[in-house]
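Only this structure's heavy atoms are used, side chains among them; waters, hydrogens and symmetry mates stay out.
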Amino acid sequence: MPLEEPARLAQELASHGYTADREAITLLAGADNPAEALLLAVEATPEDALKLTAADVHDALETRSPAAPGDDSDHGRRDPISSDENRETDDDHAPAAKAAKRAASGAKTSVESSTDEGSAPSTEPSTGDDPSVSTGTTMSKPAIDRGDVPVETKGSASGRSADPALRSLEIGNNMTGRSTGTGEYGDFVTTFRDRYKRLAGKLRGRINHRNATALEASPGGGDAGMVGMVSDIRSTTSGHWLIELEDTTGVFPCLVMKDKAIAGLVDELLYDEVIAVDGTLSDDGSIMFVDDLYFPDVPRTYEPSTADRHVQAALISDIHVGSQEFMADAWNRFTDWLHTEDAANIEYLLIAGDMVEGVGVYPDQDEELDIIDIFDQYERFSEYLKQVPGDIEIVMIPGNHDAVRLAEPQPGFDEELRDIMTAHDARIVSNPAVVTIEGVSILMYHGVSLDEVIAELPEEKANYDEPHKAMYQLLKKRHVAPQFGSHTRLAPEEKDYLVMDEVPDVFHTGHVHKLGWGKYRNVLAVNSGCWQAQTDFQKSVNIDPDAGFAPVLDLDTLDMTVHKFS
Ligand code: D5M
Ligand code: FE
Ligand code: ZN
């Protein structure tokens, strides 16, 4: 089986509108004829299913020929960042250019300048290159021109007297209109190499890195260190951990003995994250015994920036307008309150995705829709947004229920949707994006990967009741969605926009519909709850959402207060 097969399969599935779990792809990749197996599986999977499971693949293949057993050493998640064709002896020796060459139709070359960070115009229109809808709905309804509808500012006489001249708001890492991915194989390789390169840069200083090829060639014995992307984690029969680390030259096996203090870190590892290890080589040089393991992490001494004046931002997400469970009463109370003296210092409103309920996001979702047309949902959302005082600056990113592509990074809403939401002149940016408000950098990310972190890590390190703890893990990994191929879909781009280049002062996510906040090495992590009451699905799996809360952040102290409107 060629190693790139799983990635091709994942891509092919995406083109059929499916995502698939790890096992499903492994099963497909292990089939005698993966392409045929994929078609069989797609045919056999119910139309309304969005995700192909291993059971689906089993069912589909069983009727033809028994599926080959999954190959433990290949999870079918992503392309290797190393391969014989790409083998480099120097990690930084233009691996991306080589990978791009391999793409059948030739990946585009870079269009990004090195000044990208922090300089992307926040309201830059999308080019239309971005596949804009992932919901299966047709974008047939014409946009309605509401360009001159005034923003409602009801009650704003009551004490809102903010001085816009004191404000500053910059957007960074906004990939809206910059999507370069062609969906070709080489693009995935490019993205992963960029991830490796940027995160490895943060780890190199901590160990004496030798690349996989150099380690393989070394005679054995002595100290060794390596920075690599986690490509496999297995437990050995005697309870130790074998971690395969990959760099741009190859893969090298690293053994963490169960009695080492660092063995407790192994259960925090996710596939595709970049770590560094330090230890000794076995006498025959075939394996490294790990003594220390490092994450890119936030420096312990990190000092966040604060605003120079007392000004506040409300951090919300997951409004889900269009769902029968959208809590209009709570929203109305919130927006009424924004007009009061109590909220006079709130000059910014950040919305971290899921503005509307969307269409076809989950099976049977249509049974709980209040508004069935996606454009009508945005029209209604826009009406609710108009209740927010007109002088409040709004920033919004999309989520998995919004009408943009599902794969991350997600570009900001396209022109058609912007036209619907013009009234407030909100900054419409990508997921993720970095918003710097009066010096305070806030990383906004919708949060789909939190489901993954919570599913993969032990309960005490990540759980739905303490979503901020799962966020700490992402901060530690300096990546908003490390593991590819299960919950999280990745769109290959020239650069990995999901890497946290800079440590943010505040990390704001949503998605899991739970309210939680806390500080990790002085970085405030906030998961902002939702405005949607419990859905039937959530009831069936015992998710009790925190709905109708508005966390409010003091930008001068980074203290939080939570206001309840439900
Ligand atoms: O998802 C809100 C939370 O609920 C998030 O943790 C995923 C989970 N969820 C909700 N509905 C489903 C279905 N149908 N399948 C799996 N997981 C689900 P959000 O996407 O923000 O609505
Ligand atoms: Fe949501
Ligand atoms: Zn969501």
Side-chain angles (χ1 to χ4, degrees), residues 4 7-8 10-11 14-15 19 77-81 86 94-121 124-134 171-201 229 248 272-274 353 397-398 400 402 404-414 429-434 443-446 448-449 478-485 488-502:
E4 65 268 32
R8 290 232 176 90
Q11 247 173 273
S15 76
T19 175
R77 296 162 294 106
R78 64 167 165 91
D79 316 279
I81 56 169
N86 286 326
K98 263 201 157 175
K101 256 189 239 158
R102 296 178 47 207
S105 64
K108 288 182 199 159
T109 48
S110 175
V111 294
E112 280 171 2
S113 71
S114 55
T115 54
D116 174 49
E117 288 303 321
S119 65
E124 184 183 6
S126 100
T127 58
D129 284 340
D130 306 312
S132 57
V133 171
S134 59
I171 310 283
N173 199 53
N174 182 17
M175 51 71 66
T176 310
R178 294 173 173 223
S179 181
T180 56
T182 58
E184 296 294 331
Y185 168 77
D187 288 349
F188 281 96
V189 176
T190 306
T191 310
F192 280 108
R193 287 186 164 219
D194 179 65
R195 172 186 306 190
Y196 175 76
K197 193 172 163 198
R198 282 156 63 207
L199 291 174
M229 195 177 272
T248 51
D272 311 326
E273 71 171 297
V274 180
I397 63 168
N400 58 314
D402 286 300
V404 301
R405 73 178 183 200
L406 196 50
E408 297 175 8
Q410 297 179 286
F413 301 126
D414 68 10
V429 300
S430 63
N431 169 39
V434 178
L443 170 59
M444 295 178 71
Y445 169 62
H446 177 60
V448 168
S449 69
R478 294 287 287 271
H479 197 283
V480 298
Q483 184 163 300
F484 162 58
T488 322
R489 284 205 205 178
L490 180 76
E493 296 289 350
E494 226 143 30
K495 151 180 174 178
D496 187 350
Y497 288 93
L498 309 178
V499 168
M500 295 184 205
D501 263 333
E502 305 288 332

Visitor: What I'd like to find out is whether the side chain of Arg178 reaches to under 4.5 Å of the side chain of Ser430, using heavy atoms alone.
Guide: no
Visitor: Are Val274 and Val499 side-chain neighbours, meaning at least one heavy-atom pair lies under 4.5 Å?
Guide: no
Visitor: Within a strict 4.5 Å, meaning less than it, do heavy atoms of the Lys495 and Arg198 side chains meet?
Guide: yes
Visitor: Please round to the nearest 0.5 Å and tell me the distance separating atom CG of Asp501 and atom CG of Leu199.
Guide: 8.0 Å
Visitor: Can you tell me if Asn174 uses its side chain to pair, donor with acceptor, with the backbone of Thr176 under 3.5 Å?
Guide: yes
Visitor: How would you list, by chain and number, every residue that makes a side chain to side chain contact (heavy atoms under 4.5 Å, CB included) with Pro492, sequence neighbours excluded?
Guide: Asp187, Phe188, Thr191
Visitor: Nearest 0.5 angstrom please: Asp402 CG to Asn431 CG, how far?
Guide: 9.0 Å
Visitor: If we only count heavy atoms from C-beta on, is the His479 to Asp496 side-chain gap below 4.5 Å?
Guide: yes
Visitor: For a 4.5 angstrom cut-off between non-hydrogen side-chain atoms, does Asp194 reach Glu494?
Guide: no
Visitor: Would you check if Val434 and Glu502 make a side-chain contact, meaning some heavy-atom pair closer than 4.5 Å?
Guide: no
Visitor: Any side-chain heavy-atom pair from Pro411 and Arg405 closer than 4.5 angstrom?
Guide: yes
Visitor: Kindly say whether Glu408 contributes a backbone atom to a donor-acceptor pair with the side chain of Arg489 at under 3.5 angstrom?
Guide: no
Visitor: Shortest non-hydrogen contact from Thr488 to Ser449?
Guide: OG1-CA, 3.7 Å
Visitor: Between Pro432 and Leu498, what is the shortest heavy-atom contact and its length?
Guide: CD-CD2, 3.4 Å
Visitor: In Å, rounded to the nearest 0.5 Å, how long is the span from CG of Asp272 to CD of Gln483?
Guide: 6.5 Å
Visitor: Using a 4.5 Å cut-off on heavy atoms from C-beta on, say whether the side chain of Val480 contacts that of Met500.
Guide: yes
Visitor: Would you give the length of the straight line joining atom OG1 of Thr248 to atom NZ of Lys197, rounded to the nearest 0.5 angstrom?
Guide: 10.0 Å
Visitor: List the atom of Met229, the atom of Phe192, and the distance in Å for their closest heavy-atom pair.
Guide: CE-O, 3.4 Å
